[in-house]
Amino acid sequence: IGPVIEKPIRTMDDIDRMRPLDVDGELSFMTETIRILTKEMLQVPLIGFAGAPFTLASYMIEGGPSKTYNGTRIMMLQSPGLWEALMTKLTDMTSVFLIAQVAAGANALQLFDSWVGAVSPEQYRLFIAPYVKRILTEVKEEYPDIPITMHAVGAMHILPEWEQLPLDVIGLDWRTPIPMATHMGITKAVQGNLDPAYLFADWDILRFKID
């Protein structure tokens with residue numbers, strides 16, 4: 001059922017208790033794994049990843065997966081102080097997390113904002129994009145040449161907002177045809193557009209789809 005938070009975020013005290021991310025102390029196993037993989041995989045690129053702040057916030061506020069994300073969107077709209085404090089902390093953590101992965105050897109990065117399709121383009125622009133932009137900018141300042149992809153589910157209406165961000169690649173889910181993205185004014189490289197159900201199909205069917 002996905003991540004479950006025993007004590008969801010409700011107050012500023014809850015946010016204040018969130019510690020900065022200590023990659024070396026708490027996630028050394030991750031960076032060591034990346035180092036091992038990059039040595040073993042040789043010519044195969046390793047893609048690092050992180051959840052984007054809105055999706056992380058949604059789990060922390062809702063307490064787990066949600067169909068509507070009403071609690072998250074209510075905090076975003078009605079409690080701007082709480083929203084800013086939470087998103088700022090999550091942005092800091094995400095930047096540190098991604099930079100550590102590249103430092104350990106990741107060849108590319110993908111930022112997953114799985115549930116951001118729940119917001120409107122205007123809400124994304126006002127309440128989410130500034131934090132995503134800061135993450136991308138901070139990573140690019142450290143590693144200008146690292147390719148970064150953004151991906152979400154059911155977020156076709158957000159694509160024009162992503163076009164304005166310092167991304168290298170925009171991920172499309174299976175409901176967004178590539179020609180439609182081009183028609184919407186997307187000029188960045190795109191990837192994805194494969195229905196995951198095909199991965200459970202016979203090879204002859206999958207091969208036909210990916211050829």
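Judged as a salt bridge (Lys or Arg N to Asp or Glu O under 4.0 Å), the pairs with a partner in residues 150-166 (not counting sequence neighbours) are, in order, Arg125-Glu161. Counting only residues at least two apart or on different chains, the side-chain hydrogen bond (donor to acceptor under 3.5 Å, both in side chains) pairs with a member in residues 168-184 are Lys140-Asp168, Asp173-Arg175, Asp173-Thr176. Sorted by first and then second residue, the pairs that involve residues 72-89 and meet side-chain hydrogen bond (donor to acceptor under 3.5 Å, both in side chains), not counting sequence neighbours, are Glu62-Thr72, Asn70-Arg73.
Put simply, the side chain of Pro160 reaches to within 4.5 Å of the side chain of Met184, judged on heavy atoms. Using a 4.5 Å cut-off on side-chain heavy atoms (C-beta onward), Met180 and Leu172 make no contact. Under the 4.5 Å side-chain criterion, counting only non-hydrogen atoms from C-beta, Phe127 is not in contact with Val119. Side chains of Leu165 and Val132 form a contact here, defined as non-hydrogen atoms less than 4.5 Å apart. Val96 is not listed as a side-chain neighbour of Thr94, based on a closest heavy-atom distance of 4.5 Å or more. With contacts defined as side-chain heavy-atom distances shorter than 4.5 Å, the pair Gln101/Met30 qualifies.
Cluster annotation: Ile5 is not connected to Met76 through the hydrophobic network of ILVMFWY side chains, with a link wherever side-chain heavy atoms come within less than 4.5 Å. Placement of Val23 and Ile146 within a single hydrophobic cluster is found when ILVMFWY residues are connected by side-chain heavy-atom separations under 4.5 Å, directly or transitively. Both Leu126 and Met75 are assigned to one and the same hydrophobic cluster, defined by single-linkage of ILVMFWY side chains at heavy-atom distances under 4.5 Å. Phe112 and Trp115 sit in two unconnected hydrophobic clusters of ILVMFWY residues. Membership requires side-chain heavy atoms under 4.5 Å apart, directly or through other members. When the side chains of ILVMFWY residues are joined at heavy-atom separations under 4.5 Å, either directly or via intervening members, Ile148 and Val169 end up in two distinct hydrophobic clusters.
For Asp113 (side chain) and Thr55 (main-chain N/O), a donor-acceptor pair under 3.5 Å exists by modelled atom type. Checking side-chain atoms of Asp195 against main-chain N and O of Tyr198 turns up no donor-acceptor pair under 3.5 Å. Side-chain atoms of Thr137 never come within 3.5 Å of backbone atoms of Arg134 as a donor-acceptor pair (strictly under, hydrogens ignored).
A distance of 13.0 Å separates OG of Ser95 from OH of Tyr131, quoted to the nearest 0.5 Å. Summarising the geometry, atom CE belonging to Met87 is positioned 5.5 Å from atom CD1 belonging to Ile128; distances are rounded to the nearest 0.5 Å. Here the straight-line distance linking atom CG of Leu98 with atom CE of Met93 works out to 13.5 Å at 0.5 Å rounding. Atom CG of Leu90 and atom CD1 of Ile135 lie 8.5 Å apart (nearest 0.5 Å). With rounding to the nearest 0.5 angstrom, the CG atom of Leu136 is 10.0 Å from the NZ atom of Lys133. For the atom pair Asp14 CG and Met60 CE, the distance stands at 9.0 Å (nearest 0.5 Å).
Taking both residues in full, the closest heavy atoms of Lys188 and Leu167 are given as NZ-O, 3.3 Å, listed atom of the first, atom of the second, then distance. Annotation for Ala181 and Leu159: closest pair CB-CD1, 4.3 Å, computed over non-hydrogen atoms. The two atoms that bring Asp22 and Gly25 nearest to each other are OD1-N, 3.0 Å, heavy atoms only. Scanning all heavy atoms of the two residues, the minimum distance from Gly63 to Pro8 falls at CA-CG, 3.8 Å. Closest approach of Leu86 and Ala57 over heavy atoms only: CD2-CB, 3.9 Å.
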N/O donor to acceptor pairs below 3.5 angstrom from side-chain atoms of residues 33-53, sequence neighbours left out:
residue	atom	partner	partner atom	Å
Thr33	OG1	Phe29	O	2.7
Thr38	OG1	Ile34	O	3.0
Thr38	OG1	Arg35	O	3.0

| said: Before you tell me yes or no, could you show the steps for Leu27 and Leu21 under side chain to side chain contact (heavy atoms under 4.5 Å, CB included), namely the whole-Å CA-CA distance, both residues' side-chain angles and the distance that decides it to 0.1 Å? | reply: CA-CA 9 Å; Leu27 295 176; Leu21 185 62; 3.8 Å; yes

| field | Residues Leu199, Leu194; criterion side chain to side chain contact (heavy atoms under 4.5 Å, CB included); working and verdict | value | CA-CA 9 Å; Leu199 300 177; Leu194 177 67; 4.2 Å; yes

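Take Glu26 and apply the salt bridge (Lys or Arg N to Asp or Glu O under 4.0 Å) test, not counting sequence neighbours, and it matches Arg19. Applying the side chain to side chain donor-acceptor pair (under 3.5 Å) test to Asp204 and every residue at least two apart in sequence or in another chain returns Arg207.
Ring geometry for Trp162 against Tyr124 counts as perpendicular: the plane angle is over 60°, on a 0 to 90° scale with 30° as the lower cut.
Under the 3.5 Å distance criterion, with hydrogens and angles disregarded, no donor-acceptor pair is assigned to the side chains of Gln110 and Thr149.
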